[in-house]
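Letters go in sequence order (proteins before strands), and every chain restarts at 1. As the structure is a computational prediction, the values presented were derived from the model and not from experiment. Just so you know, these numbers use all the heavy atoms, side chains as well, and skip hydrogens, waters and symmetry mates.
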There are 2 protein chains.
Amino acid sequence: MATEERSSTHAQRALITLRQRILGGNLPGGTRLFEVALAEELGISRTPVRAALSRLAEEALLDRTSGGGFVVRSFAVADVVDTIELRGVLEGTAARLAAERGVTEAMLAEAATILRGIDGVFLADAFDMEAYSRWNSQFHSLLARMSQSPVLMREIDRITALPFASPSAFLDDPSRQADLVKTLATAQEQHRAIIDAIRNREGYRAESLAREHARAARRNVEFLLSHEPALREGVPSLAILAATD
Amino acid sequence: MATEERSSTHAQRALITLRQRILGGNLPGGTRLFEVALAEELGISRTPVRAALSRLAEEALLDRTSGGGFVVRSFAVADVVDTIELRGVLEGTAARLAAERGVTEAMLAEAATILRGIDGVFLADAFDMEAYSRWNSQFHSLLARMSQSPVLMREIDRITALPFASPSAFLDDPSRQADLVKTLATAQEQHRAIIDAIRNREGYRAESLAREHARAARRNVEFLLSHEPALREGVPSLAILAATD
DNA sequence: TGTGAGACTAATGTATACATTGTGGCCGGT
DNA sequence: ACCGGCCACAATGTATACATTAGTCTCACA
């Protein structure tokens, strides 16, 4: 969120509550949301409910109906796959623009710091997934900034706001942490290679690497979909999909 | 607009009015929009004004301020260039997915019809720019559909809603029609090649061609920016940029 | 049995009054 | 002269009452 909202307005609190429900899979795709019922349930008037619903449509979590109402957006498996693909395309473009336009020494130094931070997580006795996730988020935030394109950064922010398209997607699956850690070493090599390509002004290489890097999330989706649906329901990053009828 | 709105509500009319002003360059980027003043000016209450403003933020034509208000989004030249680049990337991705996933015979037949339609515009005695624009829009709409990705189609719709990133961008510049017609023959060759690549399942070729195809808009921007600003102001597709202080 | 029309109810659109917050200007003190 | 605090006004947040529209169900007719 680029803008700091007024804290604790009714609309803001309703927005947060409803967003959490949708992302957490508690509101199945296709569910009609009604102003009056929600106002009653949340104990506020219709006005802030409408404001919150409009914001959720802005975030593409709700679709508008022809009658002026709102419905929870449905995500099919193909939508998840395509959203992940789109993230790869956008981050790939960010990497390419960074390589084409060149980046500052300060950015490269920041990248080096982040890479060292991630390396440090691997060297610790116990793998700290939260620390990895934090460094990982910083890496991806920097990558977007390196493009020096506010337009692109804005689009990346939009897409990566969805849990399954986030750079941290699937890191929150407690049942597969040991397996995940094995793949994160590869991911870190990719981080290093992307920065190397950017430093060397290799646009095509940078784009290709960043696209492939994002594809890890797709592999996770495919893994989870090849197993029992029950397994998927324990994965926060895919909760929104579990909610699809 | 995927959804049909209620016709002629105050909010809808305010939305249309304000959108036209912004896209037409009559509201400079950075302009604060105030509910009360707009309500007074439009002769309606604040409620539909707020709804319209929220919709415009959804369309990314307005940014939200920290105080809960709205400000007209500023577009710098670099933003225009990057948005056009993004359109190329997205349409390139659509072409690649179409090639990778394959398309139906019906889609290919539709493409052939459109290509014939465009060819017909070139064969006429007087070049009909409006007819060309209509066929061109159909081509690009089909291209997005060929990806068979609702997620991607949605993003393409978002980006191409901006005048300078529209497939029809700059076709509306009355002062340069003769020059433009010369470049449209090249564009039509590109249309043909894109469909050929898709038919042949050549993903990389299709993506590259579609990206290059979108780059024509960038050449138009660069041409206009290398001439007097006064020239630019007569170009509807760039009106929104002319409005930037 | 199917279709169309009408009635009723619920959902959304709108205006307005009041509450709360933010911003700018002015005044006083250092 | 500059900075901080206070006050007033404007902007936004909210609730509520009323208006309008959309959707669904039932009945009647072909």
Peer 1: Strictly below 4.0 Å: does B:Arg32 bring a side-chain N or O up to OP1 or OP2 of D:dT12?
Peer 2: yes
Peer 1: What's the closest nucleotide to the A:Glu35 side chain, out of C:dT12, D:dA15, D:dT14?
Peer 2: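 So the nucleotide nearest the side chain must be C:dT12.
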Peer 1: Roughly how many Å is it from CG in A:Leu38 to P in C:dT12, rounded to a whole number?
Peer 2: 9 Å
Peer 1: Would you mind reading off the distance between A:Arg64 atom CZ and C:dA11 atom P, rounded to a whole angstrom?
Peer 2: 18 Å
Peer 1: Starting from the 5' end of DNA chain C, give me the residue, A:Phe34 or B:Ser45, whose nearest nucleotide shows up first.
Peer 2: A:Phe34
Peer 1: So among B:Asp63, B:Asp82, B:Asp79, which one has a salt bridge (Lys or Arg N to Asp or Glu O under 4.0 Å) with A:Arg154?
Peer 2: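 Of the listed residues B:Asp63, B:Asp82, B:Asp79, the salt bridge (Lys or Arg N to Asp or Glu O under 4.0 Å) partner of A:Arg154 is B:Asp63.
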Peer 1: Exactly one of A:Glu41, A:Glu35, A:Glu40 should register a salt bridge (Lys or Arg N to Asp or Glu O under 4.0 Å) with A:Arg46. Which one does?
Peer 2: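 One option only clears the test, and that one is A:Glu35.
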Peer 1: Please tell me if B:His10 has a side-chain N or O lying less than 4.0 Å from either OP1 or OP2 of D:dT20.
Peer 2: no
Peer 1: Look at the aromatic rings of B:His191 and B:His213 and report parallel, tilted or perpendicular, splitting at 30° and 60°.
Peer 2: perpendicular
Peer 1: To the nearest Å, how far apart are A:Arg55 CZ and D:dT12 P?
Peer 2: 14 Å
Peer 1: At less than 3.5 Å, do the side-chain atoms of A:Arg50 and the base atoms of C:dG13 form a donor-acceptor pair?
Peer 2: no
Peer 1: What contact category does A:Ala51 fall into here, base, sugar-phosphate, or nothing, at under 4.0 angstrom with non-hydrogen atoms?
Peer 2: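 No contact.
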Peer 1: Between D:dT14, C:dA15, D:dC18, which nucleotide gets closest to the side-chain atoms of B:Pro48?
Peer 2: C:dA15
Peer 1: On DNA chain D, check which nucleotide each of B:Thr47 and B:Leu33 is closest to and give me the residue with the more 5' one.
Peer 2: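 Result of the comparison: B:Leu33.
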Peer 1: Stepwise, does the side-chain contact (heavy atoms from CB on, under 4.5 Å) test hold for B:Val103 with B:Gln148?
Peer 2: CA-CA 8 Å; B:Val103 293; B:Gln148 297 154 69; 3.8 Å; yes
